[in-house]
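The structure appears below as C-alpha cells.
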Amino acid sequence: MTWLITGGAGYIGGHVVRQLLDAGEKVAVLDDLSTGDPSRLPAEVALVKGSTLDGAAVRAAIREHGVDGVLHFAAKKQVGESVERPFLYYRENMLGLQTVLEACAAEGVRRFLFSSSASVYGMPDVDLVTERTPCAPMNPYGETKLAGEWLVRSAGRAHGINTASLRYFNVAGAGAPELADTGVFNLVPMVFECLTTGRAPQVFGADYPTPDGTCVRDYIHVSDVASAHVAAARRLAEGRPGETALTLNIGRGEGVSVREMLALIGEVTGRDTTPVIAPRRPGDPARVVASAEAIRRELGWRARYDVTDMVASAWEGWCHHHPEALGA
Ligand code: WQD
C-alpha cells in the first residue's frame with residue numbers, strides 16, 4: 001500500500017512516516033512546510049511541497065505516487081490562536097480537509113485517517129472519557145476537529161471510503177531526538193523552556209477539584225500515537241471499501257496531574273522544578289482522561305510507553321534542538 005501523509009514533516013506526522021516505513025508500507029508526504037521540517041523525513045521519502053488547500057496539487061500527488069490511502073495530519077493546532085483567528089482555523093482545518101477528501105473521492109482513494117483531538121469533548125464531566133461521551137468543543141480548534149470528523153464520516157459513506165478519526169489526548173515525547181516537537185505550546189516543552197532560561201515553571205491553577213488541586217490529563221507517547229495509526233491504517237486497508245468508519249480515543253487511561261508531571265520532569269532532568277502558582281488558564285478542564293477500551297477492542301492496540309519514557313525522550317529531543325539547555 002502507498003500512503004500519502006499530509007503534514008508528514010510535522011511532529012506527529014513525522015513519527016507516523018517512520019513507523020509506516022518500518023512496517024513495510026510505501027509513503028509520500030504532502031507538506032507546505034509552514035511549521036513542518038523536511039529534516040524529519042528520511043531521504044527516501046518523496047516530499048511534495050504544497051498546501052492541502054490546493055486541490056490540483058493534492059490530486060497530482062495522489063496520481064503521481066499511486067496513493068491507496070491518506071493520513072491527514074496537516075492542520076493548525078494552537079487553541080489560543082484559534083480563538084483569535086477562527087477564519088484561519090476553519091480555512092486550514094475544514095477547507096483543507098474538504099479539499100483533500102474531494103481529491104480522494106475524485107481519484108478513487110478508499111482509505112482515509114483523520115487527526116482528531118480530545119478537544120472535541122470540551123469539559124467532560126466524567127472520570128474516563130469514552131467515544132460516547134457527548135462532544136462539546138470549547139474553542140474553534142476543537143470545533144474544526146469535531147466538524148472535521150462529521151465530514152470525514154459523511155464523505156466516507158457517500159464515496160465508499162474506509163475512514164478513521166483518531167482522538168489524541170495529550171501527546172508528548174519523541175521517538176528520536178530529531179523528531180521531537182519544536183513548538184513550545186504544551187506543558188512539557190513550556191517547562192523545559194523555563195528550565196533553559198532560568199525561570200520557575202508555572203502551574204496554571206492549583207485550586208481545581210482534583211486530588212492535588214492541579215489539572216489532570218492523559219499523556220500519551222508520540223510513538224504510541226504513531227503505532228495506533230499503523231494499526232488503524234492496516235485495518236482500513238483490510239476492510240471492503242466503505243464498510244469501516246472508526247472513531248477512537250488514543251490515550252492510556254491514566255490521569256497525571258500538572259504537579260506530578262513537574263516532579264517527574266525534575267527527576268528526569270535533575271533540575272529544580274519548584275513551580276510558581278499562576279491563575280487558571282481560561283477554558284482548561286479539571287480532568288480529561290481517556291478510556292482506551294475501544295481502541296484495544298477494535299485494533300488490539302495498547303500503549304507501550306509510560307510518562308517517564310515521554311519526559312526522558314522529550315528532554316533528549318529538547319537538548320538536541322536547544323544545546324544551551326545542557327549548560328543552563
Ligand atoms: C496541560 C495542562 C495546563 C503549561 C491542549 C489542547 C488539546 C491538544 C493538546 C492539540 C493544563 C497546564 C501548561 C504550563 C501549566 N491540542 N500547564 N503550566 O491544554 O490539556 O491540551 O494541547 O493539538 O486539544 O487543548 O495541554 O499541554 O497546554 O496543558 O500548568 O506552563 O498543563 O493548564 O492543565 P491541554 P497543555
Side-chain angles (χ1 to χ4, degrees), residues 7 10-13 15 35-36 72-83 89 92-93 114-124 129 135-146 148-149 165-173 181-197 199-222 225 249-252 254-266 273-290 307 310-311 314 318:
Y11 167 54
I12 300 177
H15 283 84
T35 54
H72 181 61
F73 296 94
K76 306 292 290 175
K77 63 168 183 181
Q78 290 176 47
V79 169
E81 184 184 52
S82 80
V83 175
Y89 273 67
E92 294 282 332
N93 293 8
F114 175 57
S115 284
S116 188
S117 165
S119 64
V120 299
Y121 297 114
M123 299 255 193
V129 176
C135 290
M138 301 266 303
N139 49 63
Y141 169 73
E143 290 162 16
T144 64
K145 290 298 174 183
L146 182 57
E149 290 187 2
S165 290
L166 302 177
R167 294 173 173 168
Y168 317 154
F169 282 63
N170 288 63
V171 186
D181 190 4
T182 48
V184 187
F185 305 113
N186 296 110
L187 173 63
V188 173
M190 284 170 78
V191 173
F192 289 167
E193 186 168 70
C194 289
L195 300 182
T196 305
T197 55
R199 286 175 294 135
Q202 289 185 299
V203 169
F204 297 145
D207 59 349
Y208 283 95
T210 58
D212 69 16
T214 67
C215 289
V216 171
R217 296 288 182 271
D218 188 342
Y219 295 90
I220 174 89
H221 197 295
V222 65
V225 173
N249 290 341
I250 305 184
R252 291 185 318 127
E254 182 187 297
V256 178
S257 75
V258 174
R259 278 194 205 279
E260 287 169 334
M261 208 60 174
L262 282 170
L264 183 59
I265 293 172
T273 54
T274 309
V276 294
I277 307 300
R280 288 186 181 196
R281 200 170 61 173
D284 269 346
R287 175 186 165 92
V288 187
V289 179
V307 202
M310 294 177 219
V311 171
W318 177 268

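As the structure lists them, so they are numbered: ligands from 1, and atoms in each ligand from 1.
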>> Heavy-atom contacts with ligand 1 below 4.0 Å: which residues, ordered by chain and residue number?
In response: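 Ligand 1 is contacted, at a heavy-atom distance under 4.0 Å, by Lys77, Val79, Ser117, Ser119, Tyr141, Asn170, Phe185, Asn186, Leu187, Met190, Gln202, Val203, Phe204, Cys215, Arg217, Tyr219, Val258, Arg281, Asp284.
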> Quick one: does NZ or CZ of Arg280 land under 6.0 Å from the six-membered ring centre of Tyr208, within 45 degrees of the ring axis?
Replying inline: yes
> Does the side-chain contact (heavy atoms from CB on, under 4.5 Å) test come out yes or no for Met190 and Phe204, once each step is laid out?
Replying inline: CA-CA 12 Å; Met190 284 170 78; Phe204 297 145; 4.0 Å; yes
> By salt bridge (Lys or Arg N to Asp or Glu O under 4.0 Å), which residues pair with Glu254, not counting sequence neighbours?
Replying inline: Arg252
>> I'd like to check the salt bridge (Lys or Arg N to Asp or Glu O under 4.0 Å) partners of Asp212; sequence neighbours left out, ordered by chain and number.
In response: none
Mind listing the side-chain donor-acceptor pairs of residues 115-124 below 3.5 Å, one per line with the distance, residues two or more places apart or on another chain?
{"from": "Ser115", "atom 1": "OG", "to": "His72", "atom 2": "O", "distance (Å)": "3.4"}
{"from": "Ser115", "atom 1": "OG", "to": "Tyr168", "atom 2": "OH", "distance (Å)": "2.7"}
{"from": "Ser116", "atom 1": "OG", "to": "Glu149", "atom 2": "OE2", "distance (Å)": "2.6"}
{"from": "Ser117", "atom 1": "OG", "to": "Ser119", "atom 2": "N", "distance (Å)": "2.9"}
{"from": "Ser117", "atom 1": "OG", "to": "Ser119", "atom 2": "OG", "distance (Å)": "2.8"}
{"from": "Tyr121", "atom 1": "OH", "to": "Thr130", "atom 2": "O", "distance (Å)": "3.4"}
{"from": "Tyr121", "atom 1": "OH", "to": "Arg167", "atom 2": "NH1", "distance (Å)": "2.7"}
{"from": "Tyr121", "atom 1": "OH", "to": "Asn249", "atom 2": "OD1", "distance (Å)": "2.7"}

>> Test your reading of the model: is there a side-chain donor-acceptor pair from Ser257 to the backbone of Thr214, 3.5 Å cut-off?
In response: no
